[in-house]
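The shown structure was predicted, so the numbers you read here are calculated from the model rather than taken from an experiment. All values below come from the heavy atoms of this structure, side chains included, with hydrogens, waters and symmetry mates left out.
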Number of protein chains: 2
Amino acid sequence: MKDSAAAVMLVDDHAVVREGYRSVLQKQPGLRVVAEASDGAEAYRRFKEVKPDLVIMDLAMPGIGGIEAIRRIRQWDRNARILVFTMHQNAAFAVQAIRAGARGYVTKTSPPETLVQAAMDVLAGRIAISPDIDHELALSRLGGEVVAADVLSPREFEVLRMLLAERSSDEIADTLHISPKTVANLHYLIKTKLGVDSDIELVRLAMRQGILSQGDWGEA
Amino acid sequence: MKDSAAAVMLVDDHAVVREGYRSVLQKQPGLRVVAEASDGAEAYRRFKEVKPDLVIMDLAMPGIGGIEAIRRIRQWDRNARILVFTMHQNAAFAVQAIRAGARGYVTKTSPPETLVQAAMDVLAGRIAISPDIDHELALSRLGGEVVAADVLSPREFEVLRMLLAERSSDEIADTLHISPKTVANLHYLIKTKLGVDSDIELVRLAMRQGILSQGDWGEA
DNA sequence: GCAACGTCGTGAAAATTTCCCGGCCCCGCG
DNA sequence: CGCGGGGCCGGGAAATTTTCACGACGTTGC
């Protein structure tokens, strides 16, 4: 597609929000919205059908989330250009998204021009990160808190997940085939490594770092 | 405003999302968007200036949240018509919003027509609740979980808030001028009343019920 | 007055957390 | 190969917390 408009696919579970993307993007002559999807699975399916030049997508979605969708799309097409557009003003999510293969990360609090600019940047092969996330990222390097995924061993991380899933120590011991005592020890080790004193702090740290996704608690 | 279009104010901290509302609403002849705001405080200020016939607003916003904004606006104008439009597919939030004075609650996952329909309903004096929330609400009546704000005494609720704010038992005892022992007892009582076994469950129940707002953990 | 309730606190048993330890396995290195 | 380092698994024991029963007190409502 030499110099005709670039084909863009929008992914967001909120129809009204997609309408917003569309309205903002269509003001830019170089862009043309050719497809939409409302969850990760649909995004992957539609991507294979229409092969858009650019995907703009949210992270918080029912079923398979945005991160996983990015991974799958990139696995199918190593050159896919994906721009994340989300409400999460949080460095941890940005890191996850970029690692999964996103080429840009813009928060929904940004002015519309920023989205358009980022879209053009990504299409031109550049990496686009919105300023607020740049700032967050800088902060998280300097004196930021420990990153669970970094300091915890695989086993510890697994136990952390299960603890967050509201499973009792005994249940965890059972499904992991280890003694409850070991679970208690792991629990303690995890808190120590993360520099946290109570379970309450633990849960909130996990949320900040995106280990506990919102989807997990949105429904009663 | 006999039969000219009704004046609508949009409140959402995401500019692109407001663009979506606008795009969807302007297709409806009876509606005219006359103002926008990006947080609760601005919403209150702008409301007093333009006195719109209808306010459509999100709940999750920086600074004073949507619930508080609803309360203030309704305090200033008992007849204000406010329609909540949010991503929270959660009965607890809906209950809070309605109690604060909202006349409608629609989730962002709803199709655009639902939003338009709800807007017209609220303008006509009806209460508008989207079907998914109706369903949640029904569920929460039948066998739903206990509501913290209902079963806890004021003191207990206060302690719960402080626990969630990551304050240590000793700090709480100090600022409340009671013995640490009493805090421990309250902590225990709270968990008992809410039918919860661990602090982890406690935090997640609090999140579901909107006692711990996202704003509190969104930033690192 | 008195019953019901929320608040504050004590006490003491039960359970958990905390911390140190040793053993096991695997891997990289001199 | 021998050796140290790491992750994994759990025992043990002290320290702390959780749990629960029990008073005492003031308020509220009947």
Can you see whether A:Y44 has A:K48 sitting over its ring - NZ or CZ less than 6.0 Å from the centre and within 45° of the normal?
yes

Under 4.0 Å from any heavy atom of chain A: name the first and the last nucleotide of DNA chain C that qualifies, 5' to 3'.
C:dT18 to C:dC19

A:D197 CG to D:dT17 P, in whole Å, measures 11 Å

Got a salt bridge between B:R46 and B:E49, using NZ or NE/NH1/NH2 to carboxylate O under 4.0 Å?
yes

Side-chain donor-acceptor distances from residues 62-69 of chain B under 3.5 Å, at least two apart:
| unit_1 | atom_1 | unit_2 | atom_2 | d |
| --- | --- | --- | --- | --- |
| B:E68 | OE1 | B:R71 | NE | 3.3 |
| B:E68 | OE2 | B:R72 | NE | 3.2 |

In residues 181-188 of chain B, which ones come under 4.0 Å of DNA chain D, going by heavy atoms?
B:K181, B:N185, B:Y188

From CG of B:L163 across to C1' of D:dT17 the rounded distance in Å is 14 Å

By ring pair (Phe, Tyr, Trp, His ring centres under 6.0 Å), which residues pair with A:Y21, not counting sequence neighbours?
A:F85

For residues B:M9 and B:I56, determine if any side-chain heavy atom of one lies less than 4.5 Å from a side-chain heavy atom of the other.
no

Which residues pass the side chain to side chain contact (heavy atoms under 4.5 Å, CB included) test with B:R155, not counting sequence neighbours?
B:S153, B:E158, B:L176, B:I178

For a quick test of your reading: what N or O donor-acceptor pairs under 3.5 Å do the side chains of residues 194-202 of chain B make, sequence neighbours left out?
| unit_1 | atom_1 | unit_2 | atom_2 | d |
| --- | --- | --- | --- | --- |
| B:S198 | OG | B:I200 | N | 3.4 |
| B:S198 | OG | B:E201 | N | 3.2 |
| B:D199 | OD1 | B:H187 | NE2 | 2.8 |

Residues B:K108, A:D13: salt bridge by 4.0 Å N-O rule:
no

What is the distance, to the nearest angstrom, from the CG atom on A:L189 to the P atom on D:dG7?
10 Å

